[in-house]
Amino acid sequence: MPQRSLPAGPVACPGCGRPVAPGWGPCPHCARERASLRWVATPPPSATSASVAEPRGPYSGPPAYRGIPRWGFAALPFRRDAEAEPVPEWQRARTLAQTLVPALRMTAVVAGLAAGAEIWRYVLLLQSRTAALSAGAVSASDVLVVGTGWFATILGLLAGLFVVSWSVVASRAAAARSGSIPARRARDVVAGWVVPGLNLSVPGSVLAEIEHGALDRPADERPRPSRALLVWWAVWALGVVLSLTVFGLSFRSGVQARADGVVLHALVDLVAAAVAVLTARLVATLTTLLAPVRTPARETLVAVRAGA
């Protein structure tokens with residue numbers, strides 16, 4: 001780079017700003033070294049000249065190689081990724097129970113509201129025998145009966161689907177816990193829940209088998225249902241019989257038949273709420289029993305007496 005020419009008079013020091021004689025070297029005031037060169041940045045010639053784009057020729061096909069390319073993947077056998085460990089059945093049952101138990105509790109609440117709506121409708125029917133009813137009360141009763149009835153039906157079907165799925169998984173978990181083969185196939189368990197007649201005995205037997213395996217009882221011993229399971233079984237059978245009775249009596253016509261239908265629907269809703277509550281408790285208990293038992297850590301307390 002070209003050197004900077006010296007000025008005629010004194011110049012200011014770039015460090016302290018005091019006037020000093022022109023030249024290069026240290027400042028007599030601040031002893032700062034003064035540079036003897038001046039660096040000037042200039043753009044390259046290619047930046048100032050306009051770049052002309054070369055015209056692109058016609059497409060001539062993919063690139064060709066004079067020889068066989070040597071690049072590519074390594075010559076190794078095909079390897080599959082390590083398969084994840086299968087999820088144990090008791091953990092799948094616990095996952096289903098986490099959704100099933102809240103669904104059953106919500107079904108119980110809605111079924112209780114549906115029973116209350118049917119009872120209110122029956123009270124209105126009794127009042128209509130001696131006095132005229134207001135249009136608002138009748139409309140509100142109709143909306144409440146229809147709304148809670150359909151909502152309870154939908155929730156009951158969804159909860160029932162989860163109950164059947166949980167019972168299939170829980171039966172496998174109970175069999176795996178006892179080291180035996182499940183007593184029933186999955187389709188037999190499903191058929192036992194949904195086929196009329198079979199659903200009076202098969203669901204209780206399936207839950208009894210799950211309870212038998214969860215309590216680590218001998219596999220060759222006959223299952224002995226607990227008191228809570230027997231109570232659930234009785235209420236469940238009562239609900240099935242009432243549902244079939246109401247369905248059979250729904251084809252009757254007449255004022256008395258409608259009044260009887262209201263009473264029976266209220267009774268069915270109350271039993272459905274009781275079944276939902278008992279099922280939620282039973283599912284939560286059996287799911288807890290199916291989990292593996294953790295060995296408690298033993299701690300030893302040592303007391304040291306002074307002077308011993």
Side-chain angles (χ1 to χ4, degrees), residues 97-167 193-197 199-200 203-204 207 227-285:
Q98 291 176 355
T99 305
L100 173 58
V101 173
L104 287 172
R105 291 173 180 172
M106 186 178 298
T107 303
V109 173
V110 178
L113 293 177
E118 294 290 348
I119 294 174
W120 185 27
R121 167 167 286 188
Y122 188 76
V123 171
L124 293 178
L125 288 176
L126 294 179
Q127 293 179 354
S128 64
R129 298 174 59 183
T130 57
L133 301 177
S134 63
V138 175
S139 300
S141 176
D142 292 340
V143 171
L144 190 60
V145 168
V146 175
T148 55
W150 278 105
F151 196 21
T153 302
I154 295 173
L155 282 178
L157 291 176
L158 292 177
L161 179 61
F162 278 108
V163 168
V164 174
S165 302
W166 176 87
S167 62
W193 280 98
V194 299
V195 176
N199 54 8
L200 290 174
L207 295 181
R227 181 177 300 179
L229 181 54
L230 291 176
V231 171
W232 176 90
W233 202 341
V235 178
W236 164 262
L238 178 61
V240 172
V241 173
L242 281 177
S243 300
L244 295 177
T245 303
V246 171
F247 179 77
L249 296 178
S250 62
F251 297 98
R252 296 189 309 166
S253 60
V255 178
Q256 186 61 38
R258 293 181 180 179
D260 295 339
V262 172
V263 176
L264 290 176
H265 276 87
L267 187 58
V268 167
D269 291 333
L270 289 176
V271 175
V275 169
V277 172
L278 295 176
T279 306
R281 293 181 179 178
L282 192 60
V283 167
T285 302

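Numbering starts at 1 and runs along the sequence shown.
Expressed to the nearest 0.5 Å, how far CZ of F151 lies from CE of M106 amounts to 6.5 Å. W166 contributes atom CH2, which lies 14.5 Å from atom CG of L161 (distance to the nearest 0.5 angstrom). For the atom pair L100 CG and L158 CG, the distance stands at 11.0 Å (nearest 0.5 Å).
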Cut-off 3.5 Å, no hydrogens considered: what does the side-chain donor-acceptor table look like for residues 229-246, sequence neighbours left out?
from	atom 1	to	atom 2	distance (Å)
W232	NE1	T279	OG1	2.7
W233	NE1	L200	O	2.9
W236	NE1	N199	O	2.6
S243	OG	G239	O	2.8
T245	OG1	V241	O	2.8

Could you give the side-chain donor-acceptor pairs of residues 265-272 under 3.5 Å, partners two or more places apart or in another chain?
from	atom 1	to	atom 2	distance (Å)
H265	ND1	G261	O	2.6

Can you give the donor-acceptor pairs under 3.5 Å from side chains of residues 109-120 to other protein atoms, not counting sequence neighbours?
none

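The closest side-chain heavy-atom distance from V145 to V262 is not below 4.5 Å.
Pairs engaging residues 138-150 under the side chain to side chain donor-acceptor pair (under 3.5 Å) rule: R121-D142 [sequence neighbours left out].
Taking the side chain to side chain contact (heavy atoms under 4.5 Å, CB included) definition, one finds that L126 meets it with Y122, R129, sequence neighbours left out. Remark: V195 engages A191, L198 in a side chain to side chain contact (heavy atoms under 4.5 Å, CB included) (not counting sequence neighbours).
In terms of heavy-atom proximity, A137 sits nearest to L124 at O-CD1, 4.0 Å.
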